[in-house]
Amino acid sequence: MSDEKPPVEICKGVNDLDKVVLRGLRGSSAEVYLYGCHVTSWKNNHDEELLFLSSKAIFKPPKAIRGGIPICFPQFGSHGNLEQHGFVRNRFWSIDSSPPPPTVSCNKAFVDLIFKPSEEDLKIWPYSYEFRLRITIGPGGDLMLTSRIKNTDGRPFSFTFAYRTYFSISDISEVRIEGLETLDYLDNLKSRERFTEQCDAITFESEVDRIYLETPTKIAILDHEKKQTFVLRKDGLPDAVVWNPWEKKAKSMMDFGDDEYKHMLCVEAAAIEKAITLKPGEEWKARMYLSVVPSCYRSGQLAPLRVLQG
Ligand code: BG6
């Protein structure tokens, strides 16, 4: 009998919560909790964790899991009448029994989850919809999240959205982001005032909480110490949020270690400035694709251009 593990396995995680383990071809993997449809782990072929998950994360409603990839919908942030970042991140999702057909037929490491609002949810946000999310580990160990939101209501509705990825990094002082230079951003720390990025690359010396607008579809996060670059590609999501709470805010968060801000960076594929509007019967699709590549050194500098242009 083969002791090979299956590409998709449903098992129990922290606090006995259901989770789905996805296994790629060469040892890569991902874990998805049905609570929040929350990706909590993404590992490369060498079993190294690529996502940050707080040691203090609370795996219990109503708190969303701190780390991994929470889904912000139907409201990003606190601008609006709903709770911060909406409510699907702290609801239980189900496995979708009638998912759309797979796009890459040879790949078996994917799962489809679905969320439909309950009567209670409809009291908070009075629209019917079906939110389907497919999580896939590609043949090379890449992680892909594809959301489809269908308006099943009789009226149009509008929403904002983000895939909030907590990348695991060696140290925040060793990291820079390429691909957002010269863009306009809204500064969440200054009541969403609009500024233009002046730096050649984004580096970190204090709290940052910004919504970069109309960004390119590819963003690189370079980790100088690990000599590794995360590449974030996105479709249907024009904006990108960059967040690190830094020391003071970290201390005020009960589900986050005091020093953990040094080892995480959120870069979020998002649609925030211009809300998405769906008419009755319409469906919206948005995809985020994450990969990790070794960074190469050229004259003392990491060379991300190949990544961004490739
Ligand atoms: C980021 C926001 O996306 O999420 C920040 O830009 C916010 O403003 C952060 O503080 C964390 O939010 P929460 O609700 O998970 O603590």
Side-chain angles (χ1 to χ4, degrees), residues 33 35-40 51-91 124-125 145 147 159-169 172 175 177 180 183-195 197 202 204 206-213 215 219 221 230 232 234 237-276 286 288 290:
Y33 275 75
Y35 177 54
C37 188
H38 198 127
V39 177
T40 53
L51 297 179
F52 165 86
L53 180 66
S54 173
S55 60
K56 296 199 168 172
I58 299 165
F59 286 71
K60 210 170 164 190
K63 196 83 189 140
I65 301 166
R66 177 70 65 196
I69 313 181
I71 307 296
C72 304
F73 172 86
Q75 173 185 301
F76 174 84
S78 54
H79 276 230
N81 302 326
L82 303 177
E83 64 191 89
Q84 159 117 324
H85 295 319
F87 49 81
V88 299
R89 66 176 179 159
N90 57 14
R91 294 291 189 275
I124 301 169
W125 200 59
L145 274 72
S147 287
F159 60 88
T160 49
F161 180 95
Y163 290 118
R164 173 134 58 88
T165 305
Y166 286 78
F167 291 98
S168 170
I169 52 168
I172 190 71
V175 168
I177 302 178
L180 302 177
L183 298 178
D184 281 3
Y185 64 87
L186 308 178
D187 195 337
N188 272 328
L189 302 176
K190 294 185 178 141
S191 314
R192 290 205 181 175
E193 202 183 325
R194 195 177 182 116
F195 296 90
E197 181 60 64
I202 293 143
F204 300 89
S206 59
E207 183 180 1
V208 172
D209 191 352
R210 297 175 180 172
I211 304 165
Y212 286 86
L213 307 173
T215 77
I219 298 167
I221 300 132
F230 288 107
L232 185 161
K234 56 195 179 74
L237 298 163
D239 306 324
V241 181
V242 176
W243 179 60
N244 183 289
W246 218 255
E247 200 172 350
K248 191 163 159 229
K249 182 143 194 209
K251 287 191 174 140
S252 73
M253 290 156 61
M254 42 106 70
D255 59 345
F256 192 81
D258 289 359
D259 284 333
E260 285 185 332
Y261 74 94
K262 293 178 183 162
H263 306 297
M264 56 70 68
L265 177 62
C266 281
V267 182
E268 318 178 23
I272 300 169
E273 192 199 22
K274 294 181 186 117
I276 308 291
M288 176 173 74
L290 302 178

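Only this structure's heavy atoms are used, side chains among them; waters, hydrogens and symmetry mates stay out. Each ligand, and each atom within it, is numbered from 1 in the order the structure gives.
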Just which atoms of ligand 1 are under 4.0 Å from any heavy atom in [X]?
X: Q84; result: 7 (C), 12 (O), 13 (P), 14 (O)
X: K249; result: 10 (O)
X: N188; result: 6 (O)
X: F76; result: 3 (O), 6 (O)

Q) E268 to ligand 1: N or O pair under 3.5 Å? A) yes
If you have a sec, work out which protein heavy atom is nearest [atom] and how many Å separate them, to one decimal?
atom: atom 16 (O) of ligand 1; answer: R66 NH2, 2.9 Å
atom: atom 8 (O) of ligand 1; answer: D209 OD2, 2.4 Å
atom: atom 4 (O) of ligand 1; answer: H85 NE2, 3.0 Å
atom: atom 11 (C) of ligand 1; answer: W243 CH2, 3.5 Å

Q. Heavy atom of R210 under 4.0 Å from ligand 1?
A. no
Q) Among the heavy atoms of M253, does any lie under 4.0 Å from an atom of ligand 1? A) no
**Q.** Qualifying salt bridge (Lys or Arg N to Asp or Glu O under 4.0 Å) pairs, either residue in residues 64-88, two or more places apart
**A.** R66-D255
(Q) For the backbone of S147 and the side chain of Y163, can you confirm whether one donor and one acceptor N or O come within less than 3.5 Å of each other? (A) yes
Q.
With a 3.5 Å distance limit and no angle check, can you tell me whether S54 reaches the backbone of K56 through a side-chain donor-acceptor pair?
A. yes
Q: Using the six-membered ring wherever Trp is involved, compare the ring planes of Y166 and W243 and label them parallel, tilted or perpendicular (cut-offs 30° and 60°).
A: perpendicular
Q. Between F76 and H85, how do the two ring planes meet: parallel, tilted or perpendicular, split at 30° and 60°?
A. tilted
Q | Region of K63 that comes within reach of ligand 1 [heavy atoms, distance under 4.0 Å] | A | neither
Q) Between E260 and S55, do the side chains contain an N or O donor and an N or O acceptor separated by less than 3.5 Å? A) yes
Q | Check: T215/K234 side-chain N/O donor and acceptor closer than 3.5 Å | A | yes
Q | Inter- and intrachain pairs under side chain to side chain donor-acceptor pair (under 3.5 Å), touching residues 68-82, at least two apart | A | none
